[in-house]
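Worksheet: the structure to be examined is printed underneath.
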Protein chains: 2
Amino acid sequence: MLEHSVQTPPIAQQSPLAVGDARASAAGSVAAGSSLAVSTVIFALRPDDESGLKTLWLPLVRRTRDPHRDLWALPGGWLPADEELAAAAARTLRETTELSPRYLEQLYTFGDIDRSPGLRVVSVVYWALVRSEVAERASVGENVRWFAADQLPPLAFDHNRIVEYALWRLRTKVEYARIAHAFLGDTFTLAQLREVHEAVLQKALDPANFRRSMESSGTLISTDQHVAGARHRPARLYRYDGRASEHDPPGPTL
Amino acid sequence: MLEHSVQTPPIAQQSPLAVGDARASAAGSVAAGSSLAVSTVIFALRPDDESGLKTLWLPLVRRTRDPHRDLWALPGGWLPADEELAAAAARTLRETTELSPRYLEQLYTFGDIDRSPGLRVVSVVYWALVRSEVAERASVGENVRWFAADQLPPLAFDHNRIVEYALWRLRTKVEYARIAHAFLGDTFTLAQLREVHEAVLQKALDPANFRRSMESSGTLISTDQHVAGARHRPARLYRYDGRASEHDPPGPTL
DNA sequence: CCATCATATAGTCAAACTGACTCAAACACC
DNA sequence: GGTGTTTGAGTCAGTTTGACTATATGATGG
């Protein structure tokens, strides 16, 4: 287990801003003068209209004021002084989708001077995963809409870049971390779990090899339940082993 | 190259604040009211006084005002409205150590409500690597001192936690990313590079296997120079292949 | 000049891991 | 009861990895 191997993580860059439905907007001046916002990239799996295969989708909100009025943007808002960062991310998620995140993690802090016209805004961006079935019936309104993650229109600020980075992170992380189950219910079949991996990685995986690697990962608990109904051998239901990963560092997840 | 394998990256948590020698300190109120600071965890390799082996060291600054007056803290300060985040990190690094970073990357943004008494402060924290030889003659004054990374005193705010997280990140990243050379000069022997890895990972590595893995990584360019003088076979000098990693996502490094 | 020392560098070997693939099991459906 | 489809077990070869052996080469000291 030495040095170099496969992938090299990212080193993103500052950039956008995030104000879905920001509230107060007076350009207050801090110690040295910057505004702090929190935004969230929310991923869910949905069947593509055409292929029927599941793909990644995310909700965006329409901006109702300048700058970038009428453009779509990531859900977010100014950080209240009395709210934790992750809590603010979870709240904006809930406000736009009426969902609770199954997984929520800080992505990156974007702070380029020029990413927002006029006011300097620093955005702490989180990324979240929500369950597919729940996302199906998630609220959609005039100013909230779900988009296929790889077919986004030009977004406000540099939110396109943020989503790109979040996608990169999701795709690289799903290969070594146990996060795929965040798209599923408490119990699931290996086929369902594999479907998640295939949707995220955008490539087919060998069922037998996938099974082998998941079983050897030690993160699955097999139940004695099976799903019947399909015209083939019933699949066993599994549950995720919630015990903390031995490799995590400092903090918890949420 | 499927799913689960070795390590699971972190999910740090909010926490500290960072004001080495902060400047203005009026508790200005932003859009919703938080102060934004930038801090940097600066790593260098230094020979341990006793063992002579190289270990990780980092510079801290003594706080000259409340809160936590006289405690040691990470270099940092308030974010000027007209300065990029990474630039602010590099500047505080330069101001405290008179060095330029060979490697600089955003670590995490800490923003727990209670991590600073009184004022809510959100700190964007960077981590940096500097060359060992240069760090040797780095400035040290009454209010700046280098500490062994694994023997820190209680620091201001939750800077202890930040350093722990930065250490975790350095140790996991050195195994898959090409960052070890940031501790070295432009050319180096494989023994020197291995020494860096050993110091960071705190374990001995097999010279032959290390060589094999580095050579197969494709990131080393062998020069035709050798270092003579030692009482053994001369070691070849190598240079790092600066071409961008094919696996990086969105942004550059700095 | 030669023996010795210490590390550089090359090569070997077996266990572990991976991707591709085969095959029996088991249920729905006709 | 036969057919179709996916589950779940197992095989096999190629690759990777850790442990280890062996040779190369210059400095040093007699």
Side-chain angles (χ1 to χ4, degrees), chain A residues 1-8 52-54 172 174-176 180 184 187-199 201-239 247, chain B residues 1-8 52-54 172 174-176 180 184 187-199 201-239 247:
Chain A
M1 202 122 315
L2 282 203
E3 32 286 316
H4 294 232
S5 55
V6 201
Q7 27 137 210
T8 297
L53 296 176
K54 296 209 171 172
T172 57
V174 81
E175 297 204 69
Y176 62 77
L184 300 171
T187 60
F188 46 84
T189 67
L190 281 176
Q192 292 175 318
L193 189 60
R194 179 164 50 83
E195 187 184 25
V196 171
H197 282 248
E198 290 180 335
L201 299 177
Q202 296 178 298
K203 67 177 175 185
L205 301 176
D206 181 273
N209 292 339
F210 181 81
R211 164 181 302 274
R212 181 177 59 190
S213 92
M214 289 310 292
E215 282 174 342
S216 71
S217 77
T219 60
L220 288 186
I221 301 174
S222 89
T223 72
D224 48 4
Q225 301 173 56
H226 297 259
V227 272
R231 49 180 309 196
H232 58 71
R233 180 173 174 176
R236 180 184 290 274
L237 282 174
Y238 289 84
R239 181 185 308 282
H247 300 287
Chain B
M1 201 123 313
L2 281 203
E3 33 287 313
H4 294 233
S5 55
V6 202
Q7 27 136 210
T8 296
L53 296 176
K54 295 209 171 174
T172 57
V174 81
E175 297 204 69
Y176 61 77
L184 300 171
T187 60
F188 45 84
T189 67
L190 281 175
Q192 292 175 318
L193 189 60
R194 177 165 51 83
E195 187 184 27
V196 171
H197 282 247
E198 290 179 335
L201 299 177
Q202 294 179 299
K203 67 177 176 185
L205 301 176
D206 180 273
N209 291 340
F210 181 82
R211 163 181 303 274
R212 181 177 58 190
S213 91
M214 290 309 293
E215 282 175 342
S216 71
S217 77
T219 60
L220 289 186
I221 300 174
S222 90
T223 72
D224 49 4
Q225 302 172 57
H226 296 258
V227 270
R231 50 180 309 199
H232 58 70
R233 181 172 172 176
R236 179 183 292 272
L237 282 174
Y238 290 83
R239 181 185 308 282
H247 300 287

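Note that the structure is a prediction, hence the values are computed from the model and not measured. In what follows, every chain begins at residue 1, and chains take the letters A, B, ... in the order their sequences are listed. The analysis underlying the following values was restricted to heavy atoms, covering all of them including side chains, and did not include hydrogens, waters or symmetry mates.
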Classify Ala208(A) by what it touches in the nucleic acid, base, sugar-phosphate, or nothing, heavy-atom distance under 4.0 Å. base
With heavy-atom distances below 4.5 Å as the criterion, would you say the side chains of Leu237(B) and Arg239(B) are in contact? no
Test item: Phe188(A) and Leu220(A) side chains (from C-beta on) under 4.5 Å apart, heavy atoms: yes
Go nucleotide by nucleotide along DNA chain D from the 5' end; which of Ala235(A) and Arg231(A) gets its closest nucleotide reached first? Arg231(A)
Can you work out whether Pro207(A) or Arg212(B) has the more 5'-proximal nearest nucleotide on DNA chain D? Pro207(A)
Considering all heavy atoms, the nearest Ser216(A)-Ser213(A) contact: OG-O, 3.1 Å
For a quick test of reading the model, state the closest non-hydrogen atom pair linking Arg236(B) to Ser222(B) and the distance between them. CD-CB, 3.7 Å
Can you tell me the distance, in whole Å, between the [atom1] atom of [X] and the [atom2] atom of [N]?
{"X": "Phe210(B)", "N": "dT17(D)", "atom1": "CZ", "atom2": "P", "value": "14 Å"}
{"X": "Arg194(B)", "N": "dT9(C)", "atom1": "CZ", "atom2": "P", "value": "11 Å"}
{"X": "Arg236(A)", "N": "dA25(C)", "atom1": "CZ", "atom2": "C1'", "value": "13 Å"}
{"X": "Tyr176(A)", "N": "dC17(C)", "atom1": "OH", "atom2": "P", "value": "20 Å"}
{"X": "Asn209(B)", "N": "dA8(C)", "atom1": "CG", "atom2": "C1'", "value": "14 Å"}
{"X": "Leu205(A)", "N": "dT7(D)", "atom1": "CG", "atom2": "C1'", "value": "16 Å"}
{"X": "Asp206(B)", "N": "dG11(C)", "atom1": "CG", "atom2": "P", "value": "16 Å"}
{"X": "Gln192(A)", "N": "dT6(D)", "atom1": "CD", "atom2": "P", "value": "14 Å"}

To the nearest 0.5 Å, what is the distance between [atom1] ([X]) and [atom2] ([Y])?
{"X": "Tyr238(A)", "Y": "Glu215(A)", "atom1": "OH", "atom2": "CD", "result": "5.0 Å"}
{"X": "Arg194(B)", "Y": "Asp206(B)", "atom1": "CZ", "atom2": "CG", "result": "8.0 Å"}
{"X": "Gln192(B)", "Y": "Leu190(B)", "atom1": "CD", "atom2": "CG", "result": "9.5 Å"}

Looking at residues 222-230 of chain B, who's got a heavy atom less than 4.0 Å off DNA chain C? none
No-H, no-angle donor-acceptor pair, Arg233(A) side chain to dT7(D) base, under 3.5 Å: yes
